[in-house]
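A quick write-up on the structure given underneath.
Note that ligands are numbered from 1 as they come in the structure, with each ligand's atoms numbered from 1 the same way.
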Amino acid sequence: MAAVTLDGAALARRMREDLQPEVAAFTARAGRPPGLALVLVGDDPASHVYVGSKRTHGAEVGFRVDLHQRPADTSLEEVLALVRDLNAAPDIDGILVQSPLPSAMGADAARRVFETIDPAKDVDGFTAENVGRLVQNREGLVACTPAGIIELLERQGIAIAGKRAVVIGRSDIVGKPMALLLLHRHATVTIAHSRTPDLPAVCREADILVAAIGRAGFVTPDFVKPGAAVIDVGMNAVTSEADVIGFFGADSKRHEAWRKRGSVLMGDVHPAVADVAGALTPVPGGVGPLTIAMLMRNTLTAAERRVR
Ligand code: NAP
């Protein structure tokens, strides 16, 4: 039986619609809209696409969205100075510095930026203070991708409490916060990674399997317990025609798309998993739109906390 498709794009639309009256009420009360500052350094094409979406959706829900675009040779000190200015700006409630930063800024650039963002404006939920609050299950701003996944599971009526959850990936922005959010909702959680022996067997224990790896089609049906909910966080550009045909077939829409663009987007989950899983997020149209909707929610939350 084919898995139910968990339509993240539709849920994200509803979440934005739900936000609009709340944003309007905030604007009436505060005498200004919630303010979101987006900082984009360099010319990574994917980052430009993500920031463009964040800007469009922010404006659509009624935010003021300021885009601060800087060339790839901007120094880390200049970015930190911009972040400090935004920390001090009274009408800015949320600051998002798009990752990845140019590699020339150094290996610890992202950490230095996150150390500088005011935790009250940290709408990505990446500062040490907000991560610490998450660990302790206290009020804070939570990383958008895992928070969006919880919203999806809850709104789809997928039980978390008492279930076995496996998160593949232990990054600070997805894997670890995802595991904590599931833990706080009383799942029994395993975090798997590149050193986990017999990964398919570990994953087959999961009622909820979250794949946040960054390897196209890595999670095959032998990783999946029949009926499990599978959440595909991966966003991978597949450029090899042989791979596209191998994953989707020669007569597929993806192959047609590859012929036009030379690349297709796919997740970490192999398409054949749809025959085993009970529910599955598509890529695109699953976790990605939810991440942006949660960014909007976090910005409004930050704004409300700052003016109350
Ligand atoms: P990351 O920092 O590179 O982390 C990847 C994780 O996968 C690491 O913990 C790594 O293990 C693990 N891994 C790699 N190869 C593995 C293997 N063979 N077996 C088991 N685990 C393995 O990536 P990330 O930032 O978390 O992102 C993961 C994916 O999600 C990427 O495709 C990214 O583009 C996507 N993403 C999507 C959204 C969205 O909005 N949809 C948001 C964020 C990220 P080790 O720690 O042992 O190296």
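Of the possible polar contacts, none joining the Asp275 side chain to the Ala2 backbone as a donor-acceptor pair under 3.5 Å is found. Without hydrogens or angle criteria, Asp66 side chain to Ala37 main chain gives no donor-acceptor distance under 3.5 Å.
In summary, Arg16 and Asp18 do not engage in a salt bridge, as defined by a charged side-chain N under 4.0 Å from a carboxylate O. Salt bridge Asp172/Arg111: absent, no basic N to carboxylate O contact under 4.0 Å. The existence of a salt bridge linking Glu256 and Arg261 is excluded, since no basic side-chain nitrogen approaches an acidic carboxylate oxygen closer than 4.0 Å. Between Glu205 and Lys163 no salt bridge is recorded (no basic side-chain N to carboxylate O distance below 4.0 Å). Ion pair Arg164/Asp207 not flagged as a salt bridge, since none of the NZ, NE, NH1 or NH2 atoms sits closer than 4.0 Å to an Asp/Glu carboxylate oxygen.
Residue Thr196 does not touch ligand 1, judged by heavy-atom distances below 4.0 Å. Both the backbone and the side chain of Ile213 come within contact range of ligand 1, each with a heavy atom under 4.0 Å. If you look at Val233 next to ligand 1, the close heavy atoms, those under 4.0 Å, come from the backbone and the side chain alike. Within the 4.0 Å heavy-atom criterion, neither part of Leu290 lies near ligand 1.
Nearest protein heavy-atom contact of atom 18 (N) of ligand 1 is Arg215 NH1, 3.1 Å. Of the protein's non-hydrogen atoms, the one nearest atom 11 (O) of ligand 1 is Ser194 N, 3.4 Å. Closest protein heavy atom to atom 27 (O) of ligand 1: Val174 CG2, 4.4 Å.
Residue contacts with ligand 1: Gly175 is excluded, as none of its non-hydrogen atoms falls under 4.0 Å. Under a 4.0 angstrom heavy-atom cut-off, Ala192 registers as lying outside contact with ligand 1.
Of the polar atoms of Met235, at least one N or O is found under 3.5 Å from an N or O of ligand 1, judged by distance alone. Taking distance alone, with nitrogen or oxygen atoms compared against 3.5 Å, Asp268 stays at or beyond that limit from ligand 1. For ligand 1, the polar-atom distance check finds no N/O of Arg195 at less than 3.5 Å from any of the ligand's N/O atoms.
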- Message: Is there a side-chain hydrogen bond (donor to acceptor under 3.5 Å, both in side chains) between Asn298 and Thr301? Walk through the geometry before answering.
- Response: CA-CA 5 Å; Asn298 276 354; Thr301 300; 5.1 Å; no
